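Model, not experiment: these values are computed from the prediction.
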Amino acid sequence: MTGGGGPEQLLARHRAVLPDWLSLYYERPVELTHGEGRHVWDSEGNRYLDFFGGILTTMTAHALPEVGRAVAEQAGRLLHSSTLYLNRPMVALAERIAALSGIRDPRVFFTTSGTEANDTALLLATAYRRSNQVLALRNSYHGRSFSAVGITGNSAWSPTSLSPVHTLYVHGGVRTRGPFAALPDAAFTEACVADLRDVLAQTRGGVAALIAEPVQGVGGFTSGPDGLFAAFREVLDAEGILWISDEVQTGWGRTGEHFWGWQAHAGHGPPDVLTFAKGIGNGMSIGGVVARAEVMNCLDSNSISTFGGSPVTMAAGLANLEYLLAHDLPGNARRVGGLLIERLRAVTAGLGLVREVRGRGLMIGIELVRPGTDLPYPAAASRVLEAARAGGLLLGKGGGPGGSVLRIAPPLSLTAAEAEAGAEVLAAALRAVDAEPAA
């Protein structure tokens, strides 16, 4: 039994047994009960167009029949075995991901989350390089574990300064803010490379890796110019430093332009290590790491995963990936995402509240500022979130202290008509908040 009562009673029960720091959206938090396609319903019968997909996790569609059938069929045979036994669905999904990764001689290890995937990547890199020094980007987010928080460059998501690694933060994750913002793209890249060289000149004993999101997720869907990491790679390769591409939010064609975010920076080939999660499971708990064999196999002690590579989650991942590729959802993200971002730029033109509309494919951010200034405006982002919900649209938010960026990342099967409908609701919400007196 899970108990009765409405949202208010459920909220009271939530607060009584769960941590205070567990974030909830909305003044009246919503309980989602079911979904279909790009829509979800709450416990009061309200229907919403979902522009956030459970934090970029519902990649193809809600209640996708192909995934549901795969889960039910596998659950009817065997729910669990662990990695101590041969696991046909795990091997099959690993083969597909290895082939898609672009990494030479790849090996795949499955986890249950993106946090755990990044943890594993750090373990591999520090063991391979015999160093606990790690480069990360400012404004980055890589998960909530102790080591992942230690490489997160976003103060809003860093609850402790303690860390098992020595992290060195470099520029490049945010194009339109910071000391290099006014530079043209080529000069911006040169300045970031110079900064990287300067940081490395102040280290001793070798650096293990650079870990970076091709598009920063929690940071507000920000990114540097295309080719930035290729330029970084020249410096890294000269020092033997590994490149870890955190594809937890950018993977599987989310950006529309490429299957992986690193492919926008492919001048010097693929990364040494790639981490993934979220969308591949379409809601099932799947994360993982792809690495060159010599890196993946560098550990000299035994290891297993109790829940990583579960037969049920692997069956879901296989069905979801096959659907994604068969229906060219990355191509749909490029086409519909391109229409949506241009529509959003049009409807926000002239609003003092909106500093920038940015993004790639179906990964779009709208940065809000106090009108007439360049100051982040998290309170306005919260009010737009509320107004959009009232209009039947669910959004995300993030970026900077408190979150001043509206994050738009619907399932990749979003239709052009749904994109237009969502843009209309969002435009009305933005206009309403823009017209309010500043707090």
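- Side-chain atoms of Asn139 come within 3.5 Å of backbone atoms of Gly219 as a donor-acceptor pair (strictly under, hydrogens ignored).
- The aromatic rings of Phe232 and Phe229 sit perpendicular to each other, their planes meeting at more than 60°, with 30° as the lower class boundary.
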Would you give me the side-chain donor-acceptor pairs under 3.5 Å for residues 356-369, sequence neighbours excluded?
{"residue": "Glu356", "atom": "OE1", "partner": "Thr176", "partner atom": "OG1", "Å": "3.1"}
{"residue": "Glu356", "atom": "OE1", "partner": "Arg358", "partner atom": "NH1", "Å": "2.7"}
{"residue": "Arg358", "atom": "NE", "partner": "Gly220", "partner atom": "O", "Å": "3.1"}
{"residue": "Arg358", "atom": "NE", "partner": "Phe221", "partner atom": "O", "Å": "3.3"}
{"residue": "Arg358", "atom": "NH1", "partner": "Glu367", "partner atom": "OE1", "Å": "2.7"}
{"residue": "Arg358", "atom": "NH2", "partner": "Gly220", "partner atom": "O", "Å": "3.0"}
{"residue": "Arg360", "atom": "NH1", "partner": "Asp226", "partner atom": "OD1", "Å": "3.1"}
{"residue": "Arg360", "atom": "NH1", "partner": "Glu257", "partner atom": "OE1", "Å": "2.6"}
{"residue": "Arg360", "atom": "NH2", "partner": "Asp226", "partner atom": "OD1", "Å": "2.5"}
{"residue": "Glu367", "atom": "OE1", "partner": "Arg355", "partner atom": "NH1", "Å": "3.2"}
{"residue": "Glu367", "atom": "OE2", "partner": "Arg177", "partner atom": "NE", "Å": "2.8"}
{"residue": "Glu367", "atom": "OE2", "partner": "Arg177", "partner atom": "NH2", "Å": "2.8"}

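- Atom CD of Gln133 is separated from atom CD1 of Ile241 by 9.0 Å, given to the nearest 0.5 angstrom.
- Within 6.0 Å of the CD atom in Glu36, the count of heavy atoms belonging to other residues, nucleotides or ligands does not exceed 12.
- For the pair Arg292 and Asp105, the salt-bridge criterion is not met [side-chain N within less than 4.0 Å of a carboxylate O].
- Residues Asn154 and Val218 share a closest heavy-atom pair of ND2-O, 4.3 Å.
- Met296 and Arg107 make their closest contact through CE-O, 3.3 Å (heavy atoms, listed as atom of the first residue, atom of the second, distance).
- Looking only at side-chain heavy atoms (C-beta outward), Thr120 and Thr275 stay at 4.5 Å or farther from each other.
- Heavy atoms only, all atoms of each residue included: Pro214 and Trp262 are closest at CG-N, 3.7 Å.
- When atom types are taken as modelled, the side chain of Asn320 and the backbone of Ile280 share a donor-acceptor pair closer than 3.5 angstrom.
- Without hydrogens or angle criteria, Thr57 side chain to Ile55 main chain gives a donor-acceptor distance under 3.5 Å.
- For the residue pair Gln74 / Arg69, no side-chain donor-acceptor distance below 3.5 Å is found, with atom types taken as modelled.
- Using modelled atom types, one side-chain atom of Asn297 and one backbone atom of Ala293 make a donor-acceptor pair closer than 3.5 Å.
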Exercise for the section: Check step by step if side chain to side chain contact (heavy atoms under 4.5 Å, CB included) holds for Ile408 and Leu426. Expected result: CA-CA 10 Å; Ile408 298 165; Leu426 182 50; 3.6 Å; yes
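- A search for side chain to side chain donor-acceptor pair (under 3.5 Å) contacts involving Ser43 returns Glu31, not counting sequence neighbours.
- The shortest side-chain heavy-atom distance between Val134 and Val207 does not fall under the 4.5 Å cut-off.
- Closest heavy-atom contact between Gly403 and Ala381: O-CB, 3.5 Å.
- Pairs passing the ring-ring contact (aromatic ring centres under 6.0 Å, His included) check and including a residue from residues 133-156, sequence neighbours excluded, read Tyr141-Trp157.
- A distance of 5.5 Å separates CD of Gln216 from CG of Leu137, quoted to the nearest 0.5 Å.
- Checking side-chain atoms of Asn282 against main-chain N and O of Ala61 turns up a donor-acceptor pair under 3.5 Å.
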Exercise for the section: Quick one: do Tyr48 and His39 satisfy ring-ring contact (aromatic ring centres under 6.0 Å, His included)? Show the steps, please. Expected result: CA-CA 6 Å; Tyr48 304 97; His39 290 86; 9.8 Å; no
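- Between the side chain of Glu213 and the backbone N or O of Gly217, at least one donor-acceptor pair lies under 3.5 Å.
- Judged by distance alone, with hydrogens and angles left aside, the side-chain atoms of Ser158 form a donor-acceptor pair with the main-chain N or O of Thr152 at under 3.5 Å.
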Handout entry: Test log, rule side-chain hydrogen bond (donor to acceptor under 3.5 Å, both in side chains), inputs Thr222 and Arg175
Key = CA-CA 7 Å; Thr222 63; Arg175 179 65 186 88; over 6 Å; no
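- A cation-pi arrangement, defined by a distance under 6.0 Å to the six-membered ring centre and an angle within 45 degrees of its axis, is absent between Arg138 and Tyr169.
- Counting non-hydrogen atoms of neighbouring residues, nucleotides and ligands closer than 6.0 angstrom, the CD atom of Glu27 reaches no more than 12 such neighbours.
- With Leu406 as the fixed residue, the side chain to side chain contact (heavy atoms under 4.5 Å, CB included) test singles out one of Leu344, Val354, Leu430: Leu430.
- Atom CG of Leu123 is surrounded by more than 12 heavy atoms from other residues, nucleotides or ligands within 6.0 Å.
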Taking only distance into account, with no hydrogens and no angle test, what donor-acceptor pairs under 3.5 Å do side-chain atoms of residues 329-340 form with protein atoms, sequence neighbours excluded?
{"residue": "Asn332", "atom": "ND2", "partner": "Leu412", "partner atom": "O", "Å": "2.7"}
{"residue": "Asn332", "atom": "ND2", "partner": "Leu414", "partner atom": "O", "Å": "2.9"}
{"residue": "Arg335", "atom": "NH1", "partner": "Gly331", "partner atom": "O", "Å": "3.4"}

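- A pairwise comparison of heavy atoms in Val67 and Ala319 identifies CA-CB, 4.1 Å as the closest pair.
- To the nearest 0.5 angstrom, Met59 atom CE is 11.5 Å from Tyr323 atom OH.
- Applying the side-chain contact (heavy atoms from CB on, under 4.5 Å) test to Ser113 and every residue at least two apart in sequence or in another chain returns Thr115, Glu116.
- Salt-bridge annotation for Arg345 and Glu342: present, with a side-chain N of the basic residue lying under 4.0 Å from a carboxylate O of the acidic one.
- Side-chain atoms of Phe180 and Cys192, non-hydrogen and from C-beta on, do get closer than 4.5 Å to each other.
- Not a single donor-acceptor pair under 3.5 Å links the side chain of Ser245 to the backbone N or O of Glu247.
- Of the possible polar contacts, one joining the Gln263 side chain to the Trp260 backbone as a donor-acceptor pair under 3.5 Å is found.
- Taking the side chain as every heavy atom from C-beta outward, Leu11 and Pro29 approach each other to under 4.5 Å.
- The backbone N or O of Ala417 lies less than 3.5 Å from no partner atom in the side chain of Glu420, so there is not a single donor-acceptor pair.
- Using a 4.5 Å heavy-atom cutoff, the side chains of Phe276 and Ile97 are in contact.
- If you take CG on Leu395 and CZ on Phe52, they are separated by 9.0 Å, rounding to the nearest 0.5 Å.
- A 4.5 Å side-chain heavy-atom check between Arg254 and Leu56 finds at least one atom pair inside the cut-off.
- For the residue pair Tyr377/Arg383, the side-chain donor-acceptor check at 3.5 Å is satisfied.
- For the pair Arg389 and Tyr26, the cation-pi criterion (under 6.0 Å, within 45° of the ring axis) is fulfilled.
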Can I get a per-line list of side-chain donor-acceptor pairs under 3.5 Å for residues 298-313, giving both atom names and the distance, sequence neighbours left out?
{"residue": "Ser305", "atom": "OG", "partner": "Gly308", "partner atom": "N", "Å": "2.8"}
{"residue": "Ser310", "atom": "OG", "partner": "Val312", "partner atom": "N", "Å": "3.3"}
{"residue": "Thr313", "atom": "OG1", "partner": "Ser310", "partner atom": "O", "Å": "3.1"}

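- Of the inter-residue distances, the one linking Asn118 atom CG with Ser145 atom OG reads 8.0 Å to the nearest 0.5 angstrom.
- A 4.5 Å side-chain heavy-atom check between Trp21 and Pro159 finds every atom pair outside the cut-off.
- Put simply, CD on Glu8 and CZ on Arg13 are 13.5 Å apart, with the number rounded to the nearest 0.5 Å.
- The shortest distance between side-chain heavy atoms of Leu394 and Leu32 falls below 4.5 Å.
- Between Leu242 and Tyr128, the closest heavy-atom pair is CD1-CD2, 3.8 Å.
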